[in-house]
2 protein chains.
Amino acid sequence: MSLEDPEDKGENKSRRAMPARGTEKAGTGAKPTLKTIAELTGLAVTTVSRALADAPQIALETRLRVRQVAEEIGYLPDRAAQRLRTGRTNVISLVLDPHEEILGYATSMINGLTEALRGTAYHLVITPHFLNTPQIDPVRHIMRNRMADGIIFTRTEPSDERVKLLMENNFPFICHGRTELATAHPFVDYDNYGFAYQAARKLIAAGAKKLSIILPPDRFTFAHHMRHGFMTAVREEGVGFEIATGVTLDSKSDDIRDYVYKRMGEPERPDGYICGGEVSALAVMASAYDRGLELGSDVHLVAKQTSGLFDQIRPRVETIYEDLTEAGLLMGRLLLKHIAGRAPVAELQALQTV
Amino acid sequence: MSLEDPEDKGENKSRRAMPARGTEKAGTGAKPTLKTIAELTGLAVTTVSRALADAPQIALETRLRVRQVAEEIGYLPDRAAQRLRTGRTNVISLVLDPHEEILGYATSMINGLTEALRGTAYHLVITPHFLNTPQIDPVRHIMRNRMADGIIFTRTEPSDERVKLLMENNFPFICHGRTELATAHPFVDYDNYGFAYQAARKLIAAGAKKLSIILPPDRFTFAHHMRHGFMTAVREEGVGFEIATGVTLDSKSDDIRDYVYKRMGEPERPDGYICGGEVSALAVMASAYDRGLELGSDVHLVAKQTSGLFDQIRPRVETIYEDLTEAGLLMGRLLLKHIAGRAPVAELQALQTV
DNA sequence: ACCCGCATTTATATCGTTATAAATCCCGAT
DNA sequence: ATCGGGATTTATAACGATATAAATGCGGGT
């Protein structure tokens with residue numbers, strides 16, 4: 001195609017992209033629009049539009065004919081035009097905390113979201129931080145400028161400002177994790193209480209005498225859930241415990257390792273660790289290894305698993321699975337339901353069990 | 001904001017989204033457009049548009065005034081309108097092979113891309129597979145329907161159809177990996193030849209007598225590069241070698257482990273493994289562990305590292321780093337350059353060294 | 001005063017779609 | 001024959017931005 005008119009130099013100026021739009025040849029070159037179909041069928045543009053929308057006021061025969069022609073010429077509606085006219089964007093924004101425990105977390109969720117959106121008119125746009133305005137809340141930005149029809153975000157806080165803002169403005173959203181606000185809102189969450197509770201019991205069953213848990217940063221709701229589940233279990237069993245101080249699941253993995261390594265050398269050291277993430281679990285394993293402690297006898301470990309990673313880790317580690325792909329799938333479906341029409345909030349909430 | 005009129009219940013009916021658009025109060029409610037600015041400044045819409053575009057024909061004073069007002073009222077151009085009018089989408093599509101070795105690979109790259117696009121008008125859209133048309137080439141779809149201004153894809157093949165198609169149509173793109181086509185095209189690649197070569201030499205230096213390499217599927221160009229680097233090294237050194245058969249880096253990790261485990265029990269087993277990915281390296285480690293072989297003496301391993309994962313893996317493994325975040329950053333920048341205007345192809349190519 | 005040219009601003013048309021209101025057509029009832 | 005009314009189709013305007021061409025204002029040369 002670019003070899004067609006090697007002599008025509010004057011036109012090269014508008015080389016921006018694609019064959020110039022003026023091509024008269026109505027063949028297959030130009031992108032088909034409603035107008036194209038209108039001309040082919042002898043109908044008006046409006047009629048074609050409504051026919052494709054399957055409006056009952058358009059004769060069935062006409063609808064079928066239009067649809068057939070549209071199919072034949074490979075018509076696809078121009079999203080920009082639709083968006084401009086209707087105000088709907090057909091976009092779902094996934095807002096990712098830049099400090100995300102990125103490995104696996106986001107990816108699994110994206111896979112699920114993708115699956116939920118497949119076959120719909122919706123696109124997924126990843127919005128990690130924002131443009132050149134470093135600290136302006138991306139959620140506010142998306143909402144105010146209608147960059148999306150719905151927002152998804154993660155790492156919810158007990159009194160999350162994003163939730164408040166979106167609720168106030170009745171803007172469709174769903175978050176991963178819960179708040180502690182009085183008014184109900186859509187969410188998908190994992191039973192982190194159950195996770196920590198079960199993890200503690202597993203450690204105790206394995207013979208651990210003093211448990212330690214590495215928690216997420218305290219500002220996140222799920223940190224509270226985990227702490228609560230952990231505390232409940234250790235109190236029920238009357239076993240020794242501590243909560244890692246100075247490091248969280250968000251800490252650099254080297255820092256976590258350093259902390260655990262140091263702790264493993266001190267008196268009254270814990271012999272049972274609970275890790276809410278894969279990286280921190282590996283850090284605990286590395287610490288034990290570097291201390292010459294044997295996993296499964298000297299030290300015990302229960303980790304949260306969100307990928308297949310631990311299937312290849314030796315020695316084998318006890319894990320509890322959180323299915324983030326499923327979470328993404330759920331969030332996608334619930335958000336679409338939310339956008340589509342009114343659904344009772346209760347229907348837009350899901351709690352994944354351990 | 002929602003506390004302002006707590007009594008106004010009647011309005012709740014139009015609950016769909018946001019305050020109804022009819023709000024006459026010109027305050028902060030309605031989304032500002034060029035028209036808003038035009039009214040505020042007493043200028044024509046056209047003038048405002050050009051002023052914001054910093055057109056030299058508009059008086060400097062006017063430009064400043066317009067910009068100031070725009071800033072004050074928080075004006076942001078409507079992307080749909082811009083897109084409809086100019087044909088530019090301000091979108092970059094990252095097309096992801098659904099069989100992607102997703103863990104870390106895509107995520108790192110996305111981080112880099114995000115960084116490259118930050119502060120520009122471009123959005124990143126992830127396109128994993130497509131809509132309800134399972135097997136229609138997503139690249140063709142994006143190009144034909146102008147869903148993006150540029151395309152990024154990975155896992156390039158020697159005679160890649162996507163590259164051909166996009167080149168024929170002069171559509172901006174950049175791919176991760178190279179082809180073996182005669183005509184040059186933009187790409188970012190990692191020196192996988194160098195990786196395999198260096199890895200082999202490291203193993204030999206460590207005392208390995210028979211090397212084995214697990215390669216990517218043969219259809220990808222970088223599989224050839226790796227094989228070539230590997231072969232060069234083993235021939236130079238005259239050491240024993242083999243190439244893993246029946247499994248590739250894309251195989252399920254359990255299958256890789258089973259294969260290696262089996263091989264480790266056979267006569268003339270390799271004692272030095274090269275893995276082009278983290279998961280496969282873990283599988284090799286697990287196999288050795290399950291066989292009771294000690295890493296670093298009985299068996300040696302050199303792995304490609306694309307994340308911080310291996311910093312926490314014990315025993316420590318020799319790795320060679322491929323910076324996929326940097327690759328994403330490069331790809332983003334080069335693609336923007338490509339889109340912006342003409343840049344010699346040579347300037348749109350980058351090879352990351354080992 | 002007049003006209004010219006330069007700097008600056010403005011009017012108009014358009015991108016592709018859809019909401020609204022108006023216009024046809026056909027048929028049976030008067 | 002005329003009219004009303006349901007079924008179907010169409011014309012017009014608008015979403016918000018920008019490309020193009022036209023218009024305005026102003027100072028200087030004659």
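Proteins get letters first, then strands, A, B, ... in listed order; numbering begins at 1 in each.
For the helix from dA1(C)-dT30(D) to dT30(C)-dA1(D), the end axes, each set by the C1' atoms of five terminal pairs, are bent relative to each other by 80° (nearest 10°).
At a cut-off of 3.5 angstrom, the base of dT18(C) holds at least one donor-acceptor pair with the side chain of Arg85(A).
Distance check, rounded to the nearest 0.5 Å: CD1 of Ile174(A) to CG of Leu166(A) gives 12.0 Å.
For Asp54(B), the side-chain hydrogen bond (donor to acceptor under 3.5 Å, both in side chains) test picks out Arg67(B), with sequence neighbours left out. Judged as a side chain to side chain contact (heavy atoms under 4.5 Å, CB included), and not counting sequence neighbours, the contacts of Val69(A) are Ile37(A), Leu40(A), Thr41(A). The side-chain hydrogen bond (donor to acceptor under 3.5 Å, both in side chains) check on Thr179(A) picks up His185(A), with sequence neighbours excluded.
For DNA chain C, the residues of residues 34-44 of chain B within the heavy-atom distance limit of 4.0 Å (strictly under) are Leu43(B), Ala44(B), sorted by number. Near-neighbour residues of DNA chain C inside residues 55-67 of chain A, defined by a heavy atom below 4.0 Å, are absent.
Distances shorter than 4.0 Å separate some side-chain N or O of Thr47(B) from OP1 or OP2 on dT10(C). The side chain of Gln82(B) places an N or O atom within less than 4.0 Å of a non-bridging phosphate oxygen (OP1 or OP2) of dT18(D). The phosphate of dT18(C) has OP1 or OP2 within less than 4.0 Å of a side-chain N or O from Ser49(A).
Proximity note for Thr46(A) (side chain, C-beta onward) versus dT12(D), dT20(D), dC15(D): the nearest is dT12(D).
Mapped onto DNA chain D by nearest heavy atom, Arg50(B) and Pro77(B) fall at different nucleotides, with Pro77(B) at the one closer to the 5' end.
Thr127(B) places no side-chain N or O within 3.5 Å of a backbone atom of Val95(B) that could act as its donor or acceptor partner. Under a 3.5 Å cut-off, the side chain of Arg146(B) and the backbone N or O of Arg144(B) do form a donor-acceptor pair.
Put simply, CG on Leu84(B) is 9 Å from C1' on dT14(C), counting in whole angstrom units.
Using a 4.0 Å heavy-atom distance criterion, Thr86(B) is classed as a sugar-phosphate-only contact.
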